[in-house]
Amino acid sequence: MTPAAPSLESWLVVVNLPIGPCDFAPPHGWAAPAPLGCRVLVPWRGALEVGLVVGSGDGRGGHRLREAVHVLDDPASPWVTPATVSGVQGWAADARIPAGLIWGDLLGVGWQAEVTHMVRAVEGADLSMFARRPPTERWTDAGAFPDALLDAIREQGLLEERFTPRPRMRGAVAARPLDEVPPASRTATVLSAVTPAPAGLTAKQAQAAAWLAGHGPCDTLSAWAKGAGVSNGVVTAALNAGGAQYTLVDAPPPPAWTWLHGHGPVDTYAAWANSASADGVPLTPTQAGTLALRGWADTIEVPQPPPALPEPHPQPDPAGAPDPLPEAPVWRLHGGRARARFALLAPRVTRLLTQGRGVLVLAPDHATLRRAWEGLSGLAAHAGTRAAQLTGTLSEPQRAHTWQLIRTGEARLVIGSGHALAAPLDDLALIIVLEEASDAHKLLSGSRAFLPDLATRIAAAHDAALALVGTTPAAESVPHPGAVLPPPRARVHVVDYANPPEQPELGPLSSVHLRLGDQGYPLSHDLARVLRQVQERGRQAALLAPRRGYSALLRCPSCDHTPQCRNCDVPLRFHREGRQLTCHQCGYHQPIPERCDQCGDPMWQARGPGTEWIAQEVQKLLPGFPVYRLDRDRQDDLTPLMRGESGVVIGTQLLLSHEPPPDLALIGVTLADTWLNVSDFRASERYHRLLRQLAEWHPTRAPMLLVQTFQADHPALKVMVDGRDTLAYPAAEERARAALNYPPHARLAQIEISARDQHKAQAAAQDLADALHGAGATAHEVLGPAPSPVARVRGVYPYHLFLRARSDTRLGELLRILDTRTWKAKIRVDVNPRGGL
DNA sequence: AGCACGCCGACT
DNA sequence: GTCGGCGTGCTC
């Protein structure tokens, strides 16, 4: 009944929920320091949850602490390295993100305890007041009792608990030992003769009884009748007259059981039936299930064999190759092609691995990850270690097994996505962030972390170096010391929609639409000509469309009405395939209306620069030429193209995450301006990166890059045409950022204030802005509030407030003002937001 | 995130 | 009177 002796220490434990760490007392009898980075089982809302120990406190939180129940990992080999814990916690604190959110994003594995849990009552404890059938003093599996009951007893200190690690299990069907099969299943009801035969049987009946007595029991009446050579009526009468009786006899195990007994567990009833039948024991899955139901088989759990892992890609040993890369805490490597960059990285990576240290490679998307795996994984073998891949696309058992390989030190080169960032590398020496400017590093839900920011914190906490490696540097990376390769050769052809070539017979036509029509849209005359060449020569082309689908709005020609999403303040997008209007904001979709619901006039057919329309235009231009589409809505099978067959693929930016067709002769950007008409200070940087990535998409060739645009003079495009300097554009961008006070010369955060009631949201946003100003924030530091670009999303009204601070420290100060009181709307912070400013 | 609690309008 | 919508707050 007495609580544990008041301990001064408490543990800060993070659970996989969008809340901050909670305090727990160490488990009963725990004397060692807090097991930082280890997983623990903690009482949570009446049950046990897995949590991660991220720190310790003084236990004076003011409320009575519950004890952590069990430490799942050996403190000598924690689930997450303590340095990683401190790096991530530091980021979470500064970004004012609940720690549970970010850990939920980073740890793809380990939230499930792989233990067997046994309980018993403390000796002498009377638990009868808790339940009719409480735990006894015998060890019993905890599953036999309700969670809430166990927790109530646990809280009183009357429960003893034992946890033993359990290997990963899978369900299986096994033969039950013969002595455990229920007796009813092991006997059969048979007809046997009664001796001596009673008097009064007719002749036929007596004959039947005599046969039964001589030939032994029968299973059925008809079997008896058949055996005795009489009709069914005779044996029924003989039975009723007492000439035979039903008796129980021992039955042999059914052949299906004997088979299972000899072959060991199978995965499913169907597998049992199939394998047994194949071995000459006829069995259907239904029969197998019936046998199990009668107690001949048990469903059990068997240890899972280790899953297959990605194979490393062989690489030559770079031992002795020169290593010209910087030794700074943060450095960069950009330009060239992926293959050349990895070749340059190889000596450094191999040297660190050979020293017994760890290297982590963070890739933003699947295509970059695949190239990194091809370019680096083989190095591990030269350094006496293994390479491990950690991504969300692996199965859960694969991730768990990989995590274990890293934790035990067997694999020290880790290549992966965000799931790899917290990998428990013991002596981390280097984190390589690939394509550090990629928006794909931004988590769109949960913590909304920008993973390179976290990588920076984790590297610093480990005293490891951070390398930023990619096609073209982010403006933020320019100030770091680095190595630069010349950009790959690019053949760029620009179609300038704003300044068509002189055509005197045209007259004073100036409208954009006429110019578009004149030069050809979406396929300009130049693009059409090159596409025809591609067809004639049997080669391959890729066209980049600004959007998926038909991607246009539906508009009423009479009243100008455009159908809107019912949940969001955006017009619905027209998708010809599937005949639907879809909201690209929330996914709401409805059939296409024939008539305007405002004035009743017929609606216009929509046309827009989506993949669907461009594909149609290409088919019109090149009849019979294979056309493939690749976007989120439709992903055609590109196998013929990848085999080298002629054709054209039309896609969104998703194209870049696929392998390029091997005989690619042309890449067309149908309307480059899409990447520039975005209200985001990173738009032109993003545009430049897209062009550079397109230029190096094919690993060896330089296909023609045909860009259709109204802004032919844009510097991001011009450097592609005449520049051989990888850094020229990013450096100019960086200077522009300095002038405008944008990153890296400022730290940004977006605060989203949202409520179902628009006025409430607006008032709360204003309230918050006032509070920030009242607490000393300057007009320069607080921008807004303003309604979100989409005024209503999924039925709520978001307002945005931007913070622009000169340093992380100052940003932290500003964000801490949010904690000073509660606001009357939902507040969400997004540090280092991408897009929308 | 769930889940309980509590506050208001629509009904047997 | 209660049923049930949802807004608010808590989880150690």
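All of these numbers come straight from a predicted model, not from anything done at the bench. Order of the sequence lines sets the chain letters (A, B, ...), proteins ahead of strands, with each chain counted from 1.
The NZ atom of A/K826 sits 15 Å away from the C1' atom of C/dC6 (whole-angstrom rounding). We find that CD of A/E155 is positioned 13 Å from P of C/dT11, with the value rounded to whole Å. What separates CD1 of A/I97 from P of B/dA1 is a distance of 12 Å, to the nearest Å. Following rounding to the nearest Å, A/L17 (CG) and C/dC10 (P) show an atom-to-atom distance of 16 Å. Rounded to an integer number of Å, the gap from A/L48 CG to C/dT11 P is 18 Å. One atom, CZ of A/R45, and another, P of C/dC12, lie 7 Å apart when rounded to the nearest Å. Summarising the geometry, the separation between CG on A/D151 and C1' on C/dT11 is reported as 12 Å, rounded to the nearest angstrom. In this structure, A/I19 places its CD1 atom 14 Å from P of B/dC3, rounding to the nearest Å.
Using a 3.5 Å distance cut-off with no hydrogens or angles, the side chains of A/D770 and A/Q766 do pair a donor with an acceptor. When only modelled atom types and interatomic distance are considered, A/Q398 and A/S395 share a side-chain donor-acceptor pair under 3.5 Å.
A/W11 and A/W30 have perpendicular rings, their planes meeting at more than 60° on a 0 to 90° scale where under 30° would count as parallel.
For the pair A/K760 and C/dT8, the criterion of a side-chain N or O lying under 4.0 Å from OP1 or OP2 is met.
Residues meeting the side chain to side chain donor-acceptor pair (under 3.5 Å) test with A/D426, sequence neighbours left out: none.
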